[in-house]
Protein chains: 2
Amino acid sequence: MSTAEGRLTSDDRREQILAAATVVFGERGYAGGTTDAIARQAGISQAYVVRMFGSKEKLFLEVAQRATGRLRAAFREIIAGFTGAESNLERQVLLGRAYGELVADRGTLLTLLHLFGLGQDPVFGPEARESFLDVYRIIRDEAGFSAEEATQFFARGMLNTILLALRMPDVKDDPRAFELLSSSMGEQCETILASFEAQASLGA
Amino acid sequence: MSTAEGRLTSDDRREQILAAATVVFGERGYAGGTTDAIARQAGISQAYVVRMFGSKEKLFLEVAQRATGRLRAAFREIIAGFTGAESNLERQVLLGRAYGELVADRGTLLTLLHLFGLGQDPVFGPEARESFLDVYRIIRDEAGFSAEEATQFFARGMLNTILLALRMPDVKDDPRAFELLSSSMGEQCETILASFEAQASLGA
DNA sequence: CTGATGAGTAATCAATTGATTACTACATTC
DNA sequence: GAATGTAGTAATCAATTGATTACTCATCAG
């Protein structure tokens with residue numbers, strides 16, 4: 001996606017770099033994602049990536065905050081649409097669907113997962129914990145789930161996240177893999193898989 | 001833990017390097033974990049680390065295989081101890097406890113999680129999927145769980161894994177964090193937390 | 001003793017990486 | 001039309017990293 005445009009406003013360029021960084025950090029993790037790969041993905045020079053965000057660390061922080069922010073927004077949007085007539089089970093389905101749509105962007109999915117693996121980092125750790133808890137508070141206080149319901153919802157979400165990160169749908173021919181995917185993700189698997197196929201992967 | 005011993009047999013040294021690599025790869029991921037950090041952790045030279053395993057990639061592969069292998073062994077040991085009188089719920093508790101004991105080693109926990117985030121890697125991806133499915137098959141075929149029970153068991157396990165990776169117990173004073181931890185991990189949280197405290201973290 | 005084998009390292013290399021600097025080109029404003 | 005700000009890059013740097021090579025030192029069989 002090295003969109004070879006001309007000059008952009010710094011805000012537009014910023015968005016573009018964040019999108020590119022989400023892809024690269026997703027595929028290679030924080031340590032493995034280079035500013036050079038991000039620059040190439042965005043079609044600009046490596047120097048400009050660093051200059052616009054100050055450092056790779058600050059860039060990743062913004063990428064992570066953007067991902068968790070989008071998650072919060074997606075959940076709040078669904079909750080705002082609650083009529084009050086749904087059962088909590090129906091609400092779980094609606095929220096789960098929203099999560100599925102969000103992480104249909106593989107970069108976002110993987111960035112979230114990589115962030116979770118950075119719990120011991122002095123900078124990203126606190127950020128990761130706080131974001132995770134924020135989402136839990138939304139599900140608990142704003143969606144009105146009980147602790148048990150919320151935990152169950154999160155557990156299923158984490159399993160789905162890992163199954164997608166693993167690219168488990170790639171071995172869907174295996175009967176046990178198919179069973180696990182169906183049992184955990186239901187029909188959502190198809191939609192998300194299709195979306196993954198559509199996403200360009202980084203060159204070697 | 002730079003245990004400054006003298007010469008060891010190559011097998012003993014191998015074990016020691018694998019243990020050191022588990023710690024380092026756990027804390028910094030595959031890309032971020034350097035052979036130099038592993039060597040220092042093991043108290044030997046960087047050259048010897050590379051030489052013994054051929055490459056960093058092969059070393060990580062062995063570390064990952066060791067972690068997933070231990071998981072399979074732990075589950076099989078528990079299953080072998082089943083009397084046939086337990087309910088499936090009791091069996092879930094027993095297996096969950098075994099998982100908790102395994103990932104009380106933080107290096108193992110994080111190595112597993114990092115492996116899951118490598119699903120698109122041409123080398124580690126297939127390995128990760130196959131290992132994950134192997135464990136699922138054990139739970140499904142050898143422990144005799146239904147697809148729904150197994151999925152639920154895995155979902156809970158993945159949530160616990162991420163909560164521990166996030167170091168969520170560090171913010172246990174937060175009422176919602178405490179609630180989530182209690183609801184997902186129960187009293188196991190205490191044991192594992194204590195074990196984490198006891199583990200030396202890498203120097204800067 | 002001697003010679004071979006295995007454990008382990010120091011030194012070094014080429015490649016990569018995040019960051020900095022000095023610069024260019026295009027706008028906008030006065 | 002000069003001046004100023006803003007988007008963007010080329011060139012370069014110091015540090016790091018995985019890997020290789022040539023070596024040292026200990027041990028042990030004969």
Side-chain angles (χ1 to χ4, degrees), chain A residues 2-21 23-25 27-64 114 118 121-124 202-204, chain B residues 2-21 23-25 27-64 114 118 121-124 202-204:
Chain A
S2 13
T3 30
E5 303 144 53
R7 287 164 64 96
L8 296 184
T9 64
S10 106
D11 278 354
D12 284 351
R13 193 59 88 184
R14 195 181 179 81
E15 290 303 314
Q16 193 191 19
I17 296 176
L18 283 168
V23 174
V24 172
F25 282 137
E27 288 217 357
R28 321 229 265 241
Y30 171 64
T34 68
T35 55
D36 190 66
I38 293 166
R40 265 183 279 117
Q41 176 83 2
I44 55 170
S45 70
Q46 178 261 343
Y48 198 39
V49 170
V50 173
R51 195 155 91 153
M52 178 158 281
F53 290 90
S55 71
K56 178 180 163 176
E57 188 176 77
K58 284 180 193 153
L59 171 56
F60 182 76
L61 198 58
E62 275 212 42
V63 167
H114 287 308
L118 257 29
D121 184 279
V123 173
F124 306 129
L202 270 58
Chain B
S2 14
T3 31
E5 301 143 52
R7 288 164 64 96
L8 296 184
T9 64
S10 106
D11 278 355
D12 284 350
R13 192 61 88 185
R14 196 182 177 80
E15 290 302 314
Q16 193 191 17
I17 295 176
L18 283 168
V23 174
V24 171
F25 282 136
E27 289 216 357
R28 320 228 264 241
Y30 171 64
T34 68
T35 55
D36 189 67
I38 293 166
R40 267 184 277 115
Q41 177 82 2
I44 55 170
S45 71
Q46 178 260 342
Y48 198 38
V49 171
V50 173
R51 194 155 90 153
M52 177 158 282
F53 291 89
S55 71
K56 177 180 163 176
E57 189 176 75
K58 285 180 193 152
L59 172 56
F60 183 76
L61 197 57
E62 276 214 40
V63 167
H114 288 307
L118 257 30
D121 184 278
V123 173
F124 306 130
L202 270 57

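Values reported hereafter were calculated over all heavy atoms of this structure, with side chains retained and with hydrogens, waters and symmetry mates removed. Chain identifiers are assigned alphabetically (A, B, ...) following the order of the sequence lines, protein sequences preceding nucleic acid strands; residue numbering begins at 1 within each chain.
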May I have the distance from A:Phe53 (atom CZ) to D:dG8 (atom C1'), rounded to whole angstrom?
15 Å
Set of residues satisfying side-chain hydrogen bond (donor to acceptor under 3.5 Å, both in side chains) with respect to A:Asp36, sequence neighbours excluded:
A:Arg40
How long is the straight-line distance from OG1 of B:Thr35 back to CZ of B:Arg51, given to the nearest 0.5 Å?
14.5 Å
Within this structure, what is the CD1-CZ distance for the pair B:Ile44 and B:Arg7, rounded to the nearest 0.5 Å?
13.0 Å
Specify the residues of residues 44-52 of chain A, ordered by number, for which at least one heavy atom lies under 4.0 angstrom from an atom of DNA chain D.
A:Ile44, A:Ser45, A:Ala47, A:Tyr48, A:Arg51
Interatomic distance, CG@B:Leu18 vs CZ@B:Arg13, rounded to 0.5 Å, equals 12.5 Å
With A:Phe124 via ring pair (Phe, Tyr, Trp, His ring centres under 6.0 Å) - residues at least two apart
A:Tyr30, A:Phe60
Need one value for B:Gly32: base, sugar-phosphate or nothing, where a base atom within 4.0 Å counts as base even if backbone is also close, heavy atoms only.
nothing
Footprint ends on DNA chain C, 5' to 3', for atoms under 4.0 angstrom from a heavy atom of chain B, come out as C:dG6 to C:dA10
My understanding is that only residues two or more places apart in sequence, or in another chain, count here; which of them pass side-chain contact (heavy atoms from CB on, under 4.5 Å) with A:Ala20?
A:Ile38, A:Gln41, A:Ala42
When rounded to the nearest 0.5 angstrom, what distance separates NE2 in A:His114 from CZ in A:Phe25?
10.5 Å
Please enumerate all residues that pass side-chain contact (heavy atoms from CB on, under 4.5 Å) together with A:Ser10, with sequence neighbours excluded.
A:Met52
